[in-house]
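I have placed the structure first, in the form of structure tokens, so that the comments after it can refer back to it.
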Amino acid sequence: MANDAGGPVRESDAHGLKIPTAAESVRGILLILAAYAVVTSADVAVKWALPEVGVAVSMLARGVVGAIAILIMTRGHGLGPVNRRLLALRGTMHCVVSATWYWAWLSGMALVNSYAIAAVAPLMMTMLAIPILGERVGWRRWTSTAVGFAGVLIMLQPSGDLWVLQTPFLLAAVILMAVTRIWTRLLSVTDGPAAVAFWLMMAHIPMGLLFLPMFPPPGGIPGTAIILALIFFGIANAVAHMLFARAFALAPVSALAPYEYSPLLIGGVAGFLIWSELPAWTTVAGALVVIAAGLYNLHRERVRRAQERRETGTG
């Protein structure tokens with residue numbers, strides 16, 4: 001099919017989402033890998049600062065600094081909300097996820113162990129994208145996701161070290177996180193990456209204030225190093241969530257879901273270097289499985305892209 005100018009008309013699904021090409025899926029994957037690298041560095045910064053400032057203050061710093069950073073980067077353009085209801089609901093739910101993660105880290109959970117639990121998200125995203133977005137998932141992508149989940153089972157053994165007080169709360173937060181990832185793609189129909197990221201940062205301000213009585217700061221004025229860590233934390237989150245929003249606008253959720261595993265490697269290295277956190281051998285073995293599954297998914301997207309080029313006679 002062609003438009004009046006003679007170019008191809010992009011097909012859309014029932015939600016108004018453009019059907020992505022393989023090239024767009026690959027770009028989305030590269031963007032989300034960059035986003036996870038940035039957001040993992042932000043997690044390291046806030047985990048280090050949490051004992052000095054607490055959960056609620058960390059959320060406030062993320063909201064204030066992140067929102068200012070996006071205002072500066074965009075010069076205020078593209079921030080007007082369109083789907084206000086979904087932006088507000090997503091922001092509120094994401095804040096609950098953030099608070100759960102910060103509480104777990106403050107309670108002593110290792111960074112790599114929390115990421116191991118978060119590795120349940122890709123399967124949830126792939127499964128939930130079918131009823132929510134109507135995405136079609138081929139058998140190869142199902143296979144890569146299933147293999148990745150098998151790696152999660154290796155790490156998350158009911159009798160292992162990961163089963164502590166924080167684990168069930170993090171598992172519940174992971175389900176909420178999977179839903180917010182899917183909503184990020186839905187929002188791409190109406191709102192640009194800057195607006196999606198900006199209003200997420202803004203949501204952390206009232207929610208941080210709401211959580212203050214539950215998570216009061218330890219007391220005292222934090223030192224310069226902690227303040228700098230919180231500033232970096234806010235800026236990194238702003239950049240990461242703009243990248244997330246753009247990635248989900250380009251590629252289907254099921255293509256991006258396996259890359260939820262990538263923070264395992266970065267977080268594991270950072271946790272060892274900063275806090276001397278040593279993951280169990282099962283965590284390492286499971287991480288290798290899930291990383292392999294994610295790399296295979298990228299390979300399949302490249303194969304599909306090459307096929308499209310041959311069919312259209314381009315490239």
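Given the structure is predicted, the values throughout are model-derived calculations rather than measurements. In what follows, every heavy atom counts, from backbone to side chain, and hydrogens, waters and symmetry copies are set aside.
Between the CG atom in Asp191 and the CG atom in Asn83 there is a gap of 6.0 Å [rounded to 0.5 Å]. Of the inter-residue distances, the one linking Leu106 atom CG with Glu52 atom CD reads 10.5 Å to the nearest 0.5 angstrom. Atom CD1 of Ile117 sits about 4.0 Å away from atom CE of Met109, to the nearest 0.5 Å. Atom CG of Leu89 is separated from atom CZ of Arg84 by 15.5 Å, given to the nearest 0.5 angstrom. One distance of note links OG of Ser98 with CE of Met177; it measures 10.0 Å at 0.5 Å rounding. From Arg85, atom CZ reaches atom CG of Leu87 across 11.5 Å, with rounding to the nearest 0.5 Å.
The two atoms that bring Gly54 and Pro218 nearest to each other are N-CD, 3.8 Å, heavy atoms only. Scanning all heavy atoms of the two residues, the minimum distance from Thr40 to Gly267 falls at CG2-N, 3.9 Å. Minimum heavy-atom separation, Ala197 to Ala238: CB-O, 4.3 Å. Contact detail for Thr190 and Val82: the closest heavy-atom pair is O-CG2, 3.5 Å. Between Ala195 and Gly80, the closest heavy-atom pair is CB-O, 4.1 Å. Thr74 and Ala194 make their closest contact through CG2-CB, 3.7 Å (heavy atoms, listed as atom of the first residue, atom of the second, distance).
Between Trp105 and Val46 the shortest side-chain heavy-atom distance falls below 4.5 Å. Between Tyr102 and Arg62 the shortest side-chain heavy-atom distance falls below 4.5 Å. Met59 has its side chain out of reach of Phe215: every pair of non-hydrogen atoms, C-beta onward, lies at least 4.5 Å apart. For the pair Trp101 and Val174, the minimum side-chain heavy-atom distance is below 4.5 Å. The side-chain heavy atoms of Leu210 and Met207, taken from C-beta on, include a pair separated by under 4.5 Å. No side-chain heavy atom of Val65 sits under 4.5 Å from any side-chain heavy atom of Phe233. The side-chain heavy atoms of Arg90 and Leu200, taken from C-beta on, include a pair separated by under 4.5 Å.
Remark: side-chain polar atoms of Ser188 are not paired, donor with acceptor, to backbone N or O of Thr184 under 3.5 angstrom. At distances below 3.5 Å, not a single donor-acceptor pair connects side-chain atoms of Asp43 with backbone N or O atoms of Leu111. Judged by distance alone, the side chain of Trp199 and the main-chain N or O of Leu79 form a donor-acceptor pair under 3.5 Å.
The same ILVMFWY cluster, assembled from side-chain heavy atoms under 4.5 Å apart, contains both Leu212 and Ile205. Cluster membership for Val39 and Phe232, using ILVMFWY side-chain heavy atoms within less than 4.5 angstrom, is not shared.
The aromatic rings of Phe248 and Phe244 sit tilted, their planes meeting at an angle between 30° and 60°.
Counting non-hydrogen atoms of neighbouring residues, nucleotides and ligands closer than 6.0 angstrom, the CD1 atom of Ile221 reaches no more than 12 such neighbours.
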